[in-house]
Amino acid sequence: MEHLKLSGGEWKLMKMLWAGQPQTLAELVTALDADTGWSRATIFMMLKRLIAKGAVTMDDSGKFQKYSAAITYSCLLYTSPSPRDRQKS
């Protein structure tokens with residue numbers, strides 16, 4: 001797979017998915033709220049972009065859509081203005 005370029009926000013979202021998956025949109029909003037304050041709409045748009053990039057998959061077979069990382073950390077080429085952001089958890 002070709003290396004992907006992710007924004008800082010996409011990177012944070014991917015780290016949440018790697019920490020525990022699959023997750024619903026509501027679970028991701030709750031998990032990211034304290035650190036980012038992002039709205040449900042913001043996270044949903046990022047998930048759509050990550051799905052389009054092939055980094056995330058969505059399972060809509062149940063009552064709620066569930067999102068999972070489709071790639072591993074080693075597949076990524078992180079593009080951040082600050083290399084320190086890559087080390088933050």
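By convention here, the first residue in the shown sequence is residue 1. Only a predicted model underlies this, so the values are computations on that prediction, with no experimental measurement involved.
In terms of heavy atoms, G54 sits closest to A70 at O-CB, 3.5 Å.
Identified under the salt bridge (Lys or Arg N to Asp or Glu O under 4.0 Å) test for residues 29-38, with sequence neighbours left out: K12-D35.
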If you look only at distance, which donor and acceptor atoms sit under 3.5 Å apart when one is on a side chain in residues 41-49 and the other is two or more places apart or in another chain?
unit_1 : atom_1 : unit_2 : atom_2 : d
T42    : OG1    : S39    : OG     : 3.0
R49    : NE     : E10    : OE2    : 3.2

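For A69, the side chain to side chain contact (heavy atoms under 4.5 Å, CB included) criterion is met by M14, L17, W18, Q21, not counting sequence neighbours. Take A26 and apply the side chain to side chain contact (heavy atoms under 4.5 Å, CB included) test, not counting sequence neighbours, and it matches T24, R40. D60 is linked by a side chain to side chain contact (heavy atoms under 4.5 Å, CB included) to M58, Q65, counting only residues two or more places apart in sequence or in another chain.
Q23 contributes no side-chain N or O that, together with a main-chain N or O of K66, makes up a donor-acceptor pair within less than 3.5 Å.
With respect to Y67, the side-chain contact (heavy atoms from CB on, under 4.5 Å) criterion is satisfied by exactly one of L13, T57, L25: L25.
Linking Ile, Leu, Val, Met, Phe, Trp and Tyr residues whenever their side-chain heavy atoms come within less than 4.5 Å leaves V56 and F64 in two separate clusters.
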